[in-house]
Engineer: 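I have a structure I would like to understand better, so I am pasting it below and will then ask my questions one at a time.
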Amino acid sequence: MNILVFGKTGQVAMELQRRAPDARYLGRADADLTDPEKCAALITDISPDLVINAAAYTAVDKAEDDVDTARLVNGTTPGAIANACAQGQIPFVHVSTDYVFDGSGSDRWQVGDETGPLGVYGQTKREGEELVLAAGGASAILRTSWVFSSHGNNFVKTMLRLSESRDALNIVDDQIGGPTPAGDIAAALLEIGTQLAAAPDKAGLYHFAGQPDTSWKGFAEEIFAQAGRQVAVSGIPTSDYPTPARRPLNSRLDGSALEKAFGIATPDWKAGLARVLKELEVTPS
Ligand SMILES: NC(=O)C1=CN([C@@H]2O[C@H](COP(=O)(O)OP(=O)(O)OC[C@H]3O[C@@H](n4cnc5c(N)ncnc54)[C@H](OP(=O)(O)O)[C@@H]3O)[C@@H](O)[C@H]2O)C=CC1
Ligand SMILES: Cc1cn([C@H]2C[C@H](O)[C@@H](COP(=O)(O)OP(=O)(O)O[C@H]3O[C@@H](C)C(=O)[C@@H](O)[C@H]3O)O2)c(=O)[nH]c1=O
Ligand SMILES: [Mg+2]
């Protein structure tokens, strides 16, 4: 199967390259997602058997002041890609986020639940979802959360870096969600794409997030425990950690629709964390 991937340097794109080295990966220089027409034209020219979009504008706070770029990258261009795929009858797998939700309540979000993004990143990712679904092709959207890996920027690497200079940290303990290993996401995207090619009726929205749910404080504590770093972690409310973008308090995603349609189980993030720390050569001292 000829697979075309938008994204090359990001966490999920790097993990896709490990699992599907023969796919074609488009970096920013090959396909700038601020240019919807160019991205759509690439699909028509290349005519692959499957398209995966692993690129996005993921700088949550920066997006608040960079709305036009975030909208093009997260909304307009995924829509244009989905339209080109629908026209060419090419299955398309796209990635979205827990930040499309408003974070109310404490139930796990189901795929059909109403969205209500709190910031520009979440709003533009939701616009992308709507445009992809409206394109009407064989498109699957995988919402995930709190992605980490040995590559790029993520919470695990931030905590490890801070532990070099700090013996105490304040971390928010009232945002609850599922940390998700990028490697498990990449494997899920490839499995979804393969199944979608044979069964286009499996198109739609799905959730995939690591379990068990935890807070950012709980995630930090597990990172330091597994890494053998002595850092005292104090829980603080979100109101004590002001940021330009608001973030959802309840990010719990229910993965049962994905399990039912594709047989893909919810990943164990603590096991994924152990693998990432091993890759980073972080061992308890
Ligand atoms: N990171 C997270 O915690 C979460 C991510 N997601 C979603 O998962 C998907 C993958 O995210 P992740 O792997 O973490 O992303 P990263 O933040 O690791 O990387 C973002 C990628 O998008 C690329 N990109 C950004 N802007 C453009 C552009 N204008 N043109 C071309 N490429 C561009 C970047 O390229 P470059 O290196 O050139 O900047 C980079 O490869 C995204 O859809 C994201 O919304 C969902 C939930 C949580
Ligand atoms: C560094 C630090 C962060 N925090 C908090 C801030 C924030 O609420 C939380 C996580 O910080 P981050 O900067 O990793 O958060 P953020 O970049 O918002 O992470 C999000 O990225 C986007 C792309 C997504 O789609 C989401 O699923 C989610 O992963 O930790 C502390 O409380 N103390 C600290 O010292
Ligand atoms: Mg971030």
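Order of listing sets the numbers, starting from 1, for every ligand and every atom in it.
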Engineer: Go through ligand 2 atom by atom and flag the ones less than 4.0 Å from a non-hydrogen atom of Gln175.
Structural biologist: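 Per the distance check, 8 (O).
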Engineer: Which of the numbered atoms in ligand 2 are under 4.0 angstrom from any heavy atom belonging to Ser145?
Structural biologist: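 Counting from 1, the qualifying ligand atoms are 27 (O).
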Engineer: Taking atom types as modelled and ignoring hydrogens, do the side chains of Thr266 and Gln211 form a donor-acceptor contact shorter than 3.5 angstrom?
Structural biologist: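 No donor-acceptor contact under 3.5 Å links the two side chains.
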Engineer: When you compare the side chains of His207 and Asp254, does any donor N or O come within less than 3.5 Å of an acceptor on the partner?
Structural biologist: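 Side-chain D/A pair, His207 to Asp254: absent.
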Engineer: Using heavy atoms and a threshold below 4.0 Å, how should the contact between Lys217 and ligand 2 be classified: side chain, backbone, both, or neither?
Structural biologist: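 Neither; no heavy atom under 4.0 Å.
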Engineer: So, Ser106 and Asn250: side-chain donor and acceptor under 3.5 Å apart, yes or no?
Structural biologist: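 No pair is found: no donor N or O on one side chain lies under 3.5 Å from an acceptor on the other.
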Engineer: Please list, by chain and number, the protein residues whose heavy atoms come under 4.0 Å of ligand 1.
Structural biologist: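 Shell around ligand 1 (4.0 Å, heavy atoms): Thr9, Gly10, Gln11, Val12, Arg28, Ala31, Asp32, Leu33, Thr34, Ala54, Ala55, Ala56, Thr58, Val73, Val95, Ser96, Thr97, Tyr121, Lys125, Thr144, Ser145, Trp146, Val147.
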Engineer: Is the shortest distance from a heavy atom of Ile171 to ligand 2 less than 4.0 Å?
Structural biologist: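 Contact present.
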Engineer: List in chain and number order the residues that pass side-chain hydrogen bond (donor to acceptor under 3.5 Å, both in side chains) with Glu191, two or more places apart in sequence or in another chain; answer none if no residue qualifies.
Structural biologist: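 Glu191: side-chain hydrogen bond (donor to acceptor under 3.5 Å, both in side chains) contacts with Gln195.
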Engineer: In terms of atom number and element, which parts of ligand 2 are under 4.0 angstrom from non-hydrogen atoms of Asn170?
Structural biologist: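 That gives atoms 31 (C), 32 (O), 33 (N), 34 (C), 35 (O) of ligand 2.
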Engineer: Side-chain donor-acceptor pair under 3.5 Å between Gln226 and Glu222, yes or no?
Structural biologist: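 Yes.
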Engineer: Looking at Ser149, is its backbone amide N or carbonyl O close enough to the side chain of Asn154 to form a donor-acceptor pair, meaning the two atoms are under 3.5 Å apart?
Structural biologist: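 The answer is yes, because a donor-acceptor pair under 3.5 Å joins these two groups.
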Engineer: Give a yes-or-no answer on whether the side chains of Thr124 and Asn74 include a donor-acceptor pair shorter than 3.5 Å.
Structural biologist: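 Yes.
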Engineer: Given Arg247, which partner from the list Thr238, Asp61, Asp98 fulfils the side chain to side chain donor-acceptor pair (under 3.5 Å) test?
Structural biologist: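 The residue from Thr238, Asp61, Asp98 that satisfies side chain to side chain donor-acceptor pair (under 3.5 Å) with Arg247 turns out to be Asp61.
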Engineer: Going by the order shown, which atoms of ligand 2 are within less than 4.0 Å of some heavy atom of Phe155?
Structural biologist: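 That gives atoms 10 (C), 30 (O) of ligand 2.
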Engineer: At under 4.0 Å between heavy atoms, is it the side chain or the backbone of Tyr241 that contacts ligand 2, or both, or neither?
Structural biologist: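 The part of Tyr241 near ligand 2 is the side chain, not the backbone.
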